[in-house]
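Report on one structure; see the data block that follows.
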Amino acid sequence: MTIKQALRQAIETLTSNRFEEAHLEAELLLRHLLGIGRAELHLRLEDSLPPEQTPELDRLIRRRLSHEPMAYITGHKEFFGLDLIVTADTLIPRPETELLVEKALELAGNRTSPTIADVGTGCGAIAIAMAVHLPQAKVYAFDISTAALEVAALNCERHRVTERVHLLQGDLLQGDLASNIPARIKAGDKPPRYDLILANLPYVSDRQMRGLCDDVRLFEPALALSGGPDGLQQISRLLAQARDKLHPGGAILLEISPEQRTGVVELAGRHLPGDNVKVYPDLSGHDRVIVMESKADKNLAIAPGEGA
Ligand SMILES: C[S@@+](CC[C@H](N)C(=O)[O-])C[C@H]1O[C@@H](n2cnc3c(N)ncnc32)[C@H](O)[C@@H]1O
């Protein structure tokens, strides 16, 4: 069988199972199998598919037919223009989260060497995007999951930011070096305060978690999704901790679920009274990022957004 025939078969199988992006996904599966880029795949269409790779291709297609996300099958996901390694231990970074990075870069732009925390870093998406775009920044990336931190460490190496992204294990901002963390994950000295605290914490409510049976999120770790009864458990705990961890004039940026807007704005009022609170919609028009900016530092200018 030629690569072209294998590709056709894969497209037909995915199409007949109602996969909307059958062509693109079939190509990605073959490229992943052969370890080649798009251009090479098209140059090699008339080559034979090595017979020992046919069962492996079938296995990849079966995984996709079970609705396993493409990112877990290929082990990669693009985020903010960066190719990131993902595994079943990490959330797959979402395009919506790029809005949080955009807003954080706008706010950090006025600082020469900002100190930034990324709480619940997962595969390191937010922390690494910030470090890559702000060469003077120091980033402290926290996660409770050792397995996720191991993936974040690989991504830091891949994007050459290991020296400036400190990976810390622990509960929210209380991260520390744990004995079971690989040597390449360095604790570094945690700063007492940050200019920016960023977080995309788990925010799926218990009710929504129960309804995930047909959802892509079913494949993702519950630890990365579950935010307790109303989805706000971790966000509320972080806001309670964050107050004393922020430089005057600093800001906290959180990704939220649109229906949590009122609840998170209330929490901000309780834990961070006097802060300037704004909520920004994602490209689909859903409230997605909340920015809580402390007013003490007049140098930090926030871009116009939708007032909370
Ligand atoms: C929604 S995922 C976000 C991952 C990544 N920041 C992103 O945007 O793709 C939430 C992350 O928070 C971590 N997490 C959950 N509870 C935590 C806690 N109490 N302290 C620190 N991290 C936590 C999970 O392990 C997971 O990696």
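Counting convention: from 1, in listed order, for ligands and their atoms alike.
- The shortest N or O to N or O distance between D143 and ligand 1 is below 3.5 Å.
- When only interatomic distances are considered, the shortest N/O to N/O separation between G120 and ligand 1 falls below 3.5 Å.
- Residue T97 approaches ligand 1 through these ligand atoms, each under 4.0 Å from one of its heavy atoms: 8 (O).
- Interface of G170 with ligand 1, defined as ligand atoms under 4.0 Å from a residue heavy atom, comprises 20 (N), 21 (C).
- Numbered from 1 in the order shown, with element, the atoms of ligand 1 that lie under 4.0 Å from a heavy atom of D171 read 18 (C), 19 (N), 20 (N).
- Scored by the ring pair (Phe, Tyr, Trp, His ring centres under 6.0 Å) test, F79 finds no partners at all (sequence neighbours excluded).
- In plain terms, the two heavy atoms of I144 and Q169 that are nearest each other are O-NE2, 3.3 Å.
- L34 has its side chain within reach of L49: a pair of non-hydrogen atoms, C-beta onward, lies under 4.5 Å apart.
- Taking every heavy atom of L223 and a limit of under 4.0 angstrom, the matching atoms of ligand 1 come to 15 (C), 24 (C), 25 (O).
- In the displayed structure, E56 atom CD is contacted under 6.0 Å by more than 12 heavy atoms of other residues, nucleotides or ligands.
- For the pair P202 and ligand 1, the shortest N or O to N or O distance does not fall below 3.5 Å.
- Between H67 and F19, the ring planes lie parallel to each other; the angle is under 30°, not in the 30° to 60° tilted range.
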Sequence neighbours left out, cut at 3.5 Å: what donor-acceptor pairs do the side chains of residues 196-204 make with other protein atoms?
{"from": "Y203", "atom 1": "OH", "to": "E255", "atom 2": "OE2", "distance (Å)": "2.8"}
{"from": "Y203", "atom 1": "OH", "to": "R288", "atom 2": "NH1", "distance (Å)": "3.2"}

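- With respect to K77 and E220, no salt bridge is recorded, no charged nitrogen being found less than 4.0 Å from a carboxylate O.
- Shortest contact from atom 2 (S) of ligand 1 to any protein heavy atom: A224 O, 3.5 Å.
- When the heavy atoms of L198, L84, N200, T121 are ranked by distance to atom 5 (C) of ligand 1, first place goes to T121.
- For atom 16 (N) of ligand 1, the closest non-hydrogen atom on the protein side is I144 CG2, 4.0 Å.
- Within the 4.0 Å heavy-atom criterion, the part of Q234 lying near ligand 1 is the side chain and not the backbone.
- Annotation: atom 20 (N) of ligand 1 to nearest protein heavy atom, L172 N, 2.7 Å.
- With a heavy-atom cut-off of 4.0 Å, L91 touches ligand 1 through its side chain alone.
- Not a single N or O atom of I126, backbone or side chain, sits closer than 3.5 Å to an N or O atom of ligand 1.
- Between the side chains of R8 and Q5, no donor N or O sits under 3.5 Å from an acceptor N or O.
- Ring orientation note: the planes of H166 and Y140 are close to parallel, at an angle under 30° on the 30°/60° scale.
- Of all atoms in ligand 1, listed by their number and element, those nearer than 4.0 Å to a heavy atom of P93 are 9 (O).
- By the 4.5 Å heavy-atom criterion applied to side chains, D275 and M292 are counted as neighbours.
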